[in-house]
Amino acid sequence: MIPRLIIPIAILAIAPQAAAWSSRASKTLHDVLIADAIIAEYRSEFGKLPDEAQFAKMDAALDYPPGMYADLLFDHWHRPLVYRNPGRHGEYDLYSVGQNGIDDGKSEDDIGVEGPREGYYWKHLWPLGRFVVLTGFILGLALYIAAFAKSRHFLRPIAGAVVGGGICAGSLLLLHPGVIPARNHPLLAMSLFGGIICANSLRRIWR
């Protein structure tokens, strides 16, 4: 029989994954790519790139439905996209200034058609995630050793809960909240595995 705790723990593990796949960085990249495609359509239609003023009104020039284009002019931090013609980093520039709100010239957390810099949006959680996983293993191992050395078998399920909880929580902290969902698959599997271990161990404690 599946322990009742496994289902809520699995839901808690999956929820951050869904948020990671629909993060602000991912949504902003999607909009930047659409805006870039509209620029290409404008160039095809008029034989030139739009200037800064025309960029804000490309929907009218291309006879788009009213309001369809307006949201693309802003990223998902509600800041206007940067568009320059001529560009400083190519024929033209199109990017979001990213989470920090600072124009870093398409570096740091800025998001252009190339996507966000890998690691920027979640690297600050790496040390904490690794620390949680490692701490769970160390504490769990210490409890297992104490259980066998002192014949206190009630410590074994506690050790399992600590190890499983550390794996689950640490893996969730390491989930990638950007635009590379495939990198999350092993972490999601680890978080579910840790959650199952933790749930089984807690069930044994409460019996």
Side-chain angles (χ1 to χ4, degrees), residues 1-30 75-77 96-102 104 107-111 114-207:
M1 182 176 179
I2 299 176
R4 294 179 181 178
L5 284 174
I6 290 181
I7 295 176
I9 288 178
I11 292 173
L12 290 174
I14 292 171
Q17 175 80 345
W21 288 9
S22 60
S23 69
R24 291 185 181 186
S26 179
K27 291 177 180 178
T28 295
L29 174 60
H30 177 264
D75 61 21
H76 286 264
W77 293 275
S96 158
V97 295
Q99 187 176 35
N100 66 9
I102 299 172
D104 297 303
S107 64
E108 297 300 326
D109 69 334
D110 294 352
I111 304 172
E114 306 85 2
R117 290 180 64 200
E118 186 175 331
Y120 185 89
Y121 286 90
W122 83 108
K123 66 181 180 182
H124 61 288
L125 291 177
W126 279 2
L128 179 58
R130 287 195 297 262
F131 173 78
V132 169
V133 173
L134 184 60
T135 300
F137 271 114
I138 292 175
L139 290 178
L141 179 61
L143 288 169
Y144 269 119
I145 293 173
F148 285 106
K150 299 182 179 297
S151 297
R152 294 179 179 176
H153 300 297
F154 68 90
L155 290 176
R156 281 186 287 179
I158 296 176
V162 170
V163 171
I167 293 173
C168 182
S171 297
L172 293 180
L173 288 170
L174 291 170
L175 283 175
H176 186 304
V179 292
I180 312 178
R183 292 187 179 275
N184 284 332
H185 295 162
L187 293 170
L188 179 61
M190 287 296 294
S191 66
L192 290 174
F193 175 69
I196 291 171
I197 293 175
C198 185
N200 271 316
S201 298
L202 290 174
R203 181 176 62 89
R204 291 171 59 194
I205 294 172
W206 291 342
R207 279 177 121 175

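Positions are given from 1, in the same order as the sequence printed here.
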Looking only at heavy atoms, the pair that brings Cys168 and Gly195 closest together is CB-N, 3.8 Å
With sequence neighbours excluded, what pairs up with [X] under the side-chain contact (heavy atoms from CB on, under 4.5 Å) test?
X	answer
Ile102	Asn100, Asp104
Leu143	Leu155, Ile158, Ala159, Val162
Leu134	Ile138
Ala169	Val132

Contact check, side chains of Ser191 and Leu188, non-hydrogen atoms, under 4.5 Å: yes
Side chain to side chain, Val97 and Trp77, heavy atoms closer than 4.5 Å: no
From [X] atom [atom1] to [Y] atom [atom2], the distance as rounded to the nearest 0.5 Å:
X	Y	atom1	atom2	result
Leu174	Leu187	CG	CG	5.5 Å
His30	Ile111	NE2	CD1	13.5 Å
Ile197	Leu202	CD1	CG	12.0 Å
Met190	Leu192	CE	CG	10.5 Å

Considering residues at least two apart in sequence or located in another chain, which fulfil the side chain to side chain donor-acceptor pair (under 3.5 Å) criterion with Ser96? Asp75
For Phe137, the option from Leu139, Thr135, Val133 that meets side-chain contact (heavy atoms from CB on, under 4.5 Å): Val133
